[in-house]
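Note sheet for the following structure.
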Amino acid sequence: MGRLFGTDGVRGVLNKELTPELALRLGLAIGSFFQEGSRILLGRDARSGGDMLARIVAGALTAAGVRVYDAGLTPTPALQYIVKNDGFDGGVMITASHNPREYNGIKVIAADGIEIPRDKEREIEEIFFQQRYRRVDWRSLSHETRPYPGVNEKYVYAVISHVDKELISRRGFKVLIDPANSVGALTSPWVAKLLGAKPITLNGHLDPWFPGRNPEPTPDTLTDTAKAVKALGADLGIAHDGDADRAIIIDDMGRVQWGDRTAALLTRFLAEKHPDLPRRVYTAISSSIVVEEVLREHGIKVVWMKVGSVDISRRLAAEGGLAGFEENGGFMYPLHHPVRDGAMTLALMLQLMAEEKTPLSQLYDQLPQYHLIKTKIPMTRDKALKVVEKVKEAFRGAGEMITIDGVRVNAEDYWFLVRPSGTEPLLRIMLEAKTREKAEALLAKIKSIAEEVLRE
Ligand code: MG
């Protein structure tokens, strides 16, 4: 049977891969997956085609006997929060998250506010491919899609309820917010303002063409944003992806900081604030060893997991801990909800800055410094798996070896991860070492193993 769902929902180029026909059939399958009479909250980000897809999906859900409530334009974490807290049976979010401009997507949220797990996606795929749609009696089709206003407002107030408004307000921080011309613009500046900060937005108007920048926040896409942070003398810069579940921080020196470094600071801070929470943090094996170096001293255990935020959310929710995160800027604060949340990350950073009374750049500079290399080599999945096996042999005994997703080695003065991409014919290599020379030598060694496999 074919697959529809990728690592986070169904994504495709609008009107080429993600067509109205596909959205209709997927909507019927999602509607049939939920119980008849279920209440489903529907939302979308500012991408092109969002309104079109939302209407098609709403109609298809109704045809399958599901009652649809429309949240309108909203960040994914806001929809997730309201699904759980207002007692919905589930949610559907029209978004392609950080993907390039021409993409859109559809993802399904469970009643607990977390993206549905893999086995539930399989159930929807089975209904889809076998076309086993539930089509309800005409009497049940009288439910009209109802607007469900106030989602963003309720969410914003929930976010700020977790921090000390008075304390943060006293500092009067200047905050530059770059929501990538999408729905983060509806909530993050509001959060900053309610916390007594001075929000300045860049790419702050909603625009489905994303004229300001690519929706994925990375050091490459945030060069203008980083310059603006420094030029305006902001205390903090924050950049979201298209649906505002990611937050990448830019410090007051205009340096873009990867999410794992931010997470190390936040988790250490949360451990002091909440001694009652289990001293555990969950992250994907693509995160830096810096996390472990920093947190070990505070008795916090790092649980390494496969790449993919949904599994991290589900494990954090089931077992409890201080946080879950990914290096790409997804940070989960379980006392709010155990999913990635861009505006919550903003509020927590402001709280941290208000208490530490140290410029953000200095806080980041206190973290161990590594030289980072991220690269990829095109090859089939079979070849990539062979490279992984050979790397395991070559580095046996070099350090702690983790093999849940490719191979990761944590050694004295370096770490690396070599894994086949989950979505493309690529070998992904990520490594950090204390010096540039060491990093380059490591890369050369791994590359030579890959070349050997490619010659076979
Ligand atoms: Mg996202």
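First listed ligand is number 1; within each ligand, the first listed atom is number 1. We count residues from 1, following the sequence as given.
Distances from the Mg ion (ligand 1) to the N/O/S atoms of Asp241 are shortest for OD2. Taking the Mg ion (ligand 1) as reference, Asp243 places its N/O/S atom OD1 nearest. Taking the Mg ion (ligand 1) as reference, the nearest N/O/S atom within Asp245 carries the name OD1.
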What's the verdict on salt bridge (charged side-chain N to carboxylate O under 4.0 Å, His left out) for Asp365 and Arg255, showing C-alpha distance, side-chain angles and the deciding distance? CA-CA 11 Å; Asp365 282 344; Arg255 294 176 304 184; 3.1 Å; yes

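At a threshold of 2.8 Å, the Mg ion (ligand 1) has no backbone or side-chain N, O or S atom of Thr95 nearer than that distance.
When all heavy atoms are compared, the tightest approach of Asn214 to Arg101 is N-NH2, 3.6 Å. Shown here for Ile312 and Ala284, the closest heavy-atom pair between the two residues is CD1-N, 3.7 Å.
Classified by interplanar angle (parallel below 30°, tilted 30° to 60°, perpendicular above 60°), the ring pair Tyr157/Trp190 is perpendicular.
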